[in-house]
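Note that the numbering runs from 1 along the sequence shown for the chain.
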Amino acid sequence: MSEGFAKTILLFLTIGIATLSPIQAQDSPDLFDVDSIRLNHPRILASEDDFQRIRDPNWDSLGMQYLSFLKQTGHELLAQPPIEYKLDGKRLLHQSQKFLKRVSTWALLYRVFGDVSYRDRAIRELENVSRFPDWNPQHYLDVGEMALGFAIGTDWLWKELSGEQRERFLDTLISKAINPSLDEGDPYNWWVESINNWNPVCHAGLVASALLIVDSDAALAERVIRRAIRSVPIAMNATDPDGIYPEGPIYWGYGTHFSAVLIDLLENATNSSFGLSEHQSFRQSILFHSLAIAPSGQYYNFYDGGTLVRFQPVTAWFASRYDDPTGMYELKRSLKIYLEGNTWNPEDIRSRNLAMLALWYPENTGSESTSTSSLPKNWKGNGPNPLAFARESWDDPNSFYLAFKGGNGQISHAHMDAGSFIFEDEGVRWAIDLGAQNYLSLESKGLGIWDRRQHSDRWRIFRLGPYSHNQLLIDQRLQNAEGSASITQFSDTTNTVQGTVVLSDIYSGQADSYERTFTVQQYKVLSIKDRIAGARQRTEQQGRRSATLRWRMLTEAAVEIENNEAILKQEGKTLFLKVVGPSKYVFRTQSIDPPPNYWDKPNPGVRAIDFWCNTDDFGDREITVLMSVDKAALEQVATSL
């Protein structure tokens, strides 16, 4: 484990301990009693009543369309060859995820519809992975997902297994899933009390395993379950106080899904979640996820995220459990898109949790549509990675949308992007974030991408460091990897949305203070104002100039520079960008493909809009940039400044 990573865990453990809710403090792991586990089967996530409810569902037409799709998926998966023990670099994860998808789908379809072909194929796959030499505990995510799938298959098919198979499969869960996790001093078990998505993913698989072995080793089961009840709130606390998932919306889907699974595992087997289901910021996090989906239907892809939005079954969990309007809206919207536009692919592991939707789908409310009237359009959330959003509409794909962020470089999957933003209008994403680069493509070249210290390899990667983000740099220096940026003074009035990112700590040692203010006027004009004070001063004796500032925005549009304006054209639309101040600068546009280093991912079709200027002799400077698709509105605002 790297020194930087250890500091990250220590930082967030401190945050987690400080923010434990009263429910968590009261419902400690000590309240768990192994004797409370019901011993009949099925006991993993479902009961016979749940399967009966799916046989005769009270669902709307979208739910019935989903059930037909799940049957089709299960049938097509039957033709796939058995999963292989095949590492991708250091990971078995792809194979684990294929296994989870196959076995959960087949076992559910057998229990609901009784087709023995699903039973036989699931048991064949259970036998197959039980013979693997291990489930790759060196990368424990692989074990977590494999163990969950194995526990589901074993439990849901319990009556179909021979006595010898049952005993052998339980031994497999102990030897390949539980035992490798018990030495918490092992560097590979760093995830046990971590702040990121690994925590709930790994613990969910282990708790599912423990619930099955309780008959044969109650003490071991109790140890594993109590550890999970103690540890998972540390990861859930990452969403404090307002529900932002620091790693981004894609990882929200990952960590939150397995947190929901863990809650259901406990409740289904013991009738208690031990306070986990009442974690307030975790309950609020569904709103963050929906806000991070722009009108274009793409994610705000900060950190190691992509823009592609995939249907997340856990939205149904929020809708059913909490009667959450955001969960209901996101379920109906995204499931409809998924079912209508999905090209079925048996190797697509991103839809591996689709079987869980059958357990979570809400009862028919009599309405096929959902209202967005209760969802906020403009919102700011605090936390380790604060974010703010300004959106004109939830329903119009051509509407105005701005998202911007603070944050710090010590968060899991962080980039040096504090103060950056994306911007859409008229259906075009004008200001983009390049997003992630495949981990294996970097690890295979010997780069230490998980070290987040100041001068680590991570910040030499173009997409991860500060040089590829929509922000301002001082003397082309790195941001402070251990600094933090907050969002303050967020206001939402009839005609104006405004928020300020305080970046002074991020630029510690480079400037005395730095604030970036975003202002949205009537959802027509975006203003970005940077105020830098106390940067490098001019020294006449040494002939040293004052600090050099570079303002950057990345775009996929064609760009023309005319005096103090950039004209962007994309998909038949036009955006006008105007530098209002300062008066002296160098303004240019350039392709960022190829990127600077041989290890960097290409960026075809992406251009940077840059302008360069200096601070005054005292290291101070104020910069104002306007942009709008409405030229007249832009000029009106420019004249008023």
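- Considering all non-hydrogen atoms of both residues, D242 and N382 come closest at OD2-N, 2.8 Å.
- Ring to ring, W379 and F490 are not that close: their centroids are 6.0 angstrom or more apart.
- Ring pair Y254/Y251 is tilted by interplanar angle, where 30° to 60° counts as tilted.
- When all heavy atoms are compared, the tightest approach of D425 to Y523 is OD2-O, 4.4 Å.
- Using cut-offs of 30° and 60° for the angle between ring planes, the F282 and H279 rings count as perpendicular.
- Side-chain contact between W198 and W190 is present, with at least one heavy-atom pair separated by less than 4.5 Å.
- Using the six-membered ring where Trp is involved, Y514 and Y507 have ring planes that are perpendicular, over 60° apart on the 30 and 60° scheme.
- Between H203 and W191, the gap from one ring centroid to the other is short of 6.0 Å.
- The nearest pair of heavy atoms linking P384 to P246 is CG-CG, 4.4 Å.
- With contacts defined as side-chain heavy-atom distances shorter than 4.5 Å, the pair T615/S546 qualifies.
- Of the charged side-chain nitrogens involved, at least one lies within less than 4.0 Å of a carboxylate oxygen, so that R283 and E278 count as a salt-bridged pair.
- Checked against T517 for a side-chain hydrogen bond (donor to acceptor under 3.5 Å, both in side chains), the options D530, T500, T488 give a single hit: T500.
- Aromatic ring pairs are classed by plane angle as parallel below 30°, tilted from 30° to 60° and perpendicular above 60°; the pair H413 and W450 is perpendicular.
- Side-chain contact between P249 and Y300: absent, with no pair of heavy atoms (C-beta onward) separated by less than 4.5 Å.
- Ion pairing between R453 and D451 holds under the 4.0 Å rule for side-chain N and carboxylate O.
- Ring centers of F404 and F423: at least 6.0 Å apart, outside the cut-off.
- Contact record, R463 with H415: O-ND1, 3.1 Å, taken as the closest heavy-atom pair.
- In terms of heavy atoms, A204 sits closest to F258 at CB-O, 3.7 Å.
- A ring-centre distance under 6.0 Å is found for F421 and F518.
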